[in-house]
Amino acid sequence: MSETFRLLMAQLNPTVGALSSNADKARDAWAKGKADGADMVALPEMFVSGYQAQDLVMKPAFVADCMSHIDQLAADCADGPALAIGSPVADGDRLYNAYFILKNGKVHARMLKHFLPNFNVFDEVRLYNRGAIQGPYEIAGARIGSPICEDAWYVDVCETMVESGAEILVVPNGSPYYRDKFDLRLNKMVARVIENDVPLVYLNMVGGQDDQVFDGGSFVLNRGGKLAHQLPVFDEAYQMVTFTRDAEGWTADEGAKTTHPDSFEQDYRVMVESLRDYMGKTGFKKVLLGLSGGIDSAIVATIAADALGPENVRCVMLPSEYTSQASLDDAADAATRLGCTYDTVSIAKGRAAITETLGPLFEGLDEGLTEENIQSRLRGLLLMAMSNKFGSMLLTTGNKSEVAVGYATIYGDMAGGYNPIKDMYKTRVFDVCRWRNENHRDWMMGHAGEVIPPQIIDKPPTAELRPDQKDSDSLPPYPVLDGILQMLVDDEASVADCVAAGYDRDTVKKVEHLLYISEYKRFQSAPGARLSKRAFWLDRRYPIVNRWRDQS
């Protein structure tokens, strides 16, 4: 029996539905493992199909195509290390989330996911059947158990595998980011190691898929919960882990332990990577956005420049008679600092034509919100025309505070294909802007330095849809608004809870009212990077028609 076992961890970025490309990545990883003397090469959960594939896995032809790639991988990777890779599989009329161990040209073992997550962004109970808890498989003298992702968050599966003889746990994951999640993952895995007294390999994927980013951060734990390896977050990475057996069992060698950045940097990286992968995986090369001279469009332009390069970002100022000279100057300054293409397209003539067209119908009625929204919708129309003409994806720029209370115009400034800051409250937008001005990393394609003009960060926010307009005319101050929204949205707190926390009840009720009546807007909004556990869309699903209000 071998006294060493060498495992190559492949923390890689698959694309949903790109089966041949994903399989090629797996072949490359296997070839690297073979060249480096690995006994086994491990890839993350559902790697062949990409994750999350959602209802795509309910199409029999898709699952059959996945399995044909698994069979071909087994044949292609016969002469060398075992290859462990995730894929959906059908067994009769039952569908499973599976992990295949390919060895000697065939399927050596097949693990089926037992615990199916059905919360937040996960909907696996609806999609898959629960697999039976299985025992270990043997590779090069080591007996290995592979609980799949959620299976390792509970005691049962790991305990049963170890009781059945597993000496090492290799856990494949498709675990998406939310702020400060890594510590929770690490604590859960330490618990499994201490309970079972065996080492554990936690292997996560990286890359963006729609609103989610898989942040990697894979690691290896030895008995007692001691950290042996820690891979970077967000980057594709390989790590060879050599296990040595002694009288007490297997122990992983000590390796590099990458320090992870703070939450501001991780949030910003998620917004960059989500946009970069959303563009790359859908085939778009360039973006455009309305640059108003305000902070939200400035940070979105910066994210776009960092994700795609300034040469692939077009910023458009669309002034009206209410646009201040300061906004004109600030927008031009921001575009110049970023090095993006900058255009000015006035909406004055278009607005005059629309006003004249609607004049007979609106005669005798006071001007107000309708006329303000016409400006926003005209901007949306012009930006979408440019998107169509230039083949660039339009980015929308509403932060979570605005998205929450509907302080955005549907078919106007909400128009667009992606919103990088959709899950970031306004107060955090200010903080992230300051962070980006002070920091530059090698994964950013934009310029270093103070790319967001300080005056944009410091001035009072305004939509500039009427004379001297300020956001505070319609909304509570953002620190108050965000504090209430954090409680109502992220914590599902009651009105009474908010009042007990020190917020004025009338203000809380106003925010609650705006939150509920804006559901229809969010239902039609662009996808955006998920940063929290309560992002709008899959994390928080509320009815559009809803007459209930909290009377506490």
Carboxylate-amine/guanidinium proximity below 4.0 Å for [X] and [Y]:
X: Arg530; Y: Asp210; answer: no
X: Lys470; Y: Asp473; answer: no
X: Glu512; Y: Arg549; answer: no
X: Asp28; Y: Lys25; answer: no
X: Lys286; Y: Glu311; answer: no
X: Asp550; Y: Lys509; answer: no
X: Glu519; Y: Arg540; answer: yes

Gap separating the [atom1] atom of [X] from the [atom2] atom of [Y], nearest 0.5 angstrom:
X: Phe362; Y: Thr355; atom1: CZ; atom2: OG1; answer: 9.0 Å
X: Asp267; Y: Asp262; atom1: CG; atom2: CG; answer: 9.0 Å
X: Glu367; Y: Glu371; atom1: CD; atom2: CD; answer: 4.5 Å
X: Arg436; Y: Ile303; atom1: CZ; atom2: CD1; answer: 10.0 Å
X: Ile456; Y: Cys433; atom1: CD1; atom2: SG; answer: 8.5 Å
X: Phe234; Y: Arg269; atom1: CZ; atom2: CZ; answer: 6.5 Å

(message) If you apply the rule side-chain contact (heavy atoms from CB on, under 4.5 Å), what do you find for Tyr478 with Glu402, and how did you get there?
(response) CA-CA 10 Å; Tyr478 279 113; Glu402 294 173 350; 4.0 Å; yes
(message) With side-chain contact (heavy atoms from CB on, under 4.5 Å) as the criterion, how do Cys315 and Asp343 come out once you've worked through the C-alpha distance, each side chain's angles and the decisive distance to 0.1 Å?
(response) CA-CA 6 Å; Cys315 299; Asp343 299 297; over 6 Å; no
(request) Start with the C-alpha distance between Asn204 and Ser218, add both sets of side-chain angles, then the distance that settles side chain to side chain donor-acceptor pair (under 3.5 Å), and finish with yes or no. (result) CA-CA 5 Å; Asn204 195 20; Ser218 304; over 6 Å; no
Looking at side-chain heavy atoms only, is the closest gap between [X] and [Y] below 4.5 Å?
X: Glu265; Y: Asn439; value: no
X: Leu291; Y: Val316; value: no
X: Met271; Y: Leu531; value: yes
X: Leu308; Y: Met445; value: no
X: Trp537; Y: Asp211; value: yes
X: Asp504; Y: Lys510; value: no
X: Lys113; Y: Glu45; value: yes
X: Pro176; Y: Val213; value: no

(message) Checking Ser49 now: which residues fulfil side chain to side chain donor-acceptor pair (under 3.5 Å) with it, not counting sequence neighbours?
(response) none
Is it the case that the side chain of [X] and the backbone of [Y] share a donor-acceptor pair, with hydrogens and angles ignored and the cut-off at 3.5 Å?
X: Asn97; Y: Pro88; answer: no
X: Arg276; Y: Ala307; answer: yes
X: Asn22; Y: Ala18; answer: yes

Do [X] and [Y] pair up side chain to side chain, a donor and an acceptor below 3.5 Å, judged on atom types alone?
X: Ser376; Y: Asp413; answer: yes
X: Ser175; Y: Arg185; answer: yes
X: Asn373; Y: Thr370; answer: no
X: Gln11; Y: Glu236; answer: no
X: Tyr178; Y: Asp539; answer: no

Could you pull out every donor-acceptor pair under 3.5 Å between side chains of residues 481-492 and any protein atom, sequence neighbours left out?
from	atom 1	to	atom 2	distance (Å)
Asp482	OD1	Ser401	OG	2.5
Asp482	OD2	Lys426	N	3.3
Asp482	OD2	Thr427	N	2.8
Asp482	OD2	Thr427	OG1	2.7
Asp490	OD1	Tyr425	OH	2.5
Asp490	OD2	Lys400	NZ	3.4
Glu492	OE1	Tyr542	OH	2.8
Glu492	OE2	Arg534	NH2	2.3
Glu492	OE2	Tyr542	OH	3.1

(message) Parallel, tilted or perpendicular, judged at 30° and 60°: which one describes the rings of His260 and Phe182?
(response) perpendicular
(request) Assess whether side-chain contact (heavy atoms from CB on, under 4.5 Å) is satisfied between Ile70 and Met67, documenting all intermediate values. (result) CA-CA 5 Å; Ile70 289 289; Met67 287 310 304; 4.2 Å; yes
(request) Tell me, yes or no, whether the heavy-atom count around Asp366 atom CG, taken from other residues, nucleotides or ligands under 6.0 Å, exceeds 12. (result) no
(message) For Gln524, is the CD atom crowded, meaning more than 12 foreign heavy atoms sit under 6.0 Å from it?
(response) yes
(message) Both conditions, 6.0 Å and 45 degrees, for the charged tip of Arg314 above the ring of Phe390: are they met here?
(response) yes
(request) Assess Arg428 against Phe264: is NZ or CZ under 6.0 Å from the centre of the six-membered ring, and within 45 degrees of the ring's axis? (result) yes
If you take all heavy atoms of [X] and [Y], which pair is closest and at what distance?
X: Ser292; Y: Ser327; result: O-CB, 3.6 Å
X: Asp235; Y: Val206; result: O-CG1, 3.7 Å
X: Leu203; Y: Pro44; result: CD2-N, 3.9 Å
X: Met414; Y: Ala408; result: CG-CB, 3.6 Å
X: Gln551; Y: Arg505; result: O-NH2, 3.5 Å
X: Gly293; Y: Ser297; result: N-OG, 4.1 Å

(message) Does Asp180 form a side chain to side chain donor-acceptor pair (under 3.5 Å) with Gln266? I'd like the steps, not just the answer.
(response) CA-CA 9 Å; Asp180 300 326; Gln266 291 201 44; over 6 Å; no
(request) Could you give me the CA-CA distance, side-chain angles and deciding distance for Gln52 and Gln212, then say whether side chain to side chain donor-acceptor pair (under 3.5 Å) is met? (result) CA-CA 9 Å; Gln52 297 190 65; Gln212 297 163 49; 3.0 Å; yes
(request) Would you please test Thr397 and Asp296 for side chain to side chain donor-acceptor pair (under 3.5 Å) and show each step? (result) CA-CA 6 Å; Thr397 61; Asp296 296 322; over 6 Å; no
(request) Sort out for me which residue in Leu288, Leu383, Leu289, Ile421 forms a side-chain contact (heavy atoms from CB on, under 4.5 Å) with Leu395. (result) Leu289
(message) Is there a ring-ring contact (aromatic ring centres under 6.0 Å, His included) between Tyr128 and Tyr96? Walk through the geometry before answering.
(response) CA-CA 5 Å; Tyr128 303 106; Tyr96 297 96; 8.7 Å; no
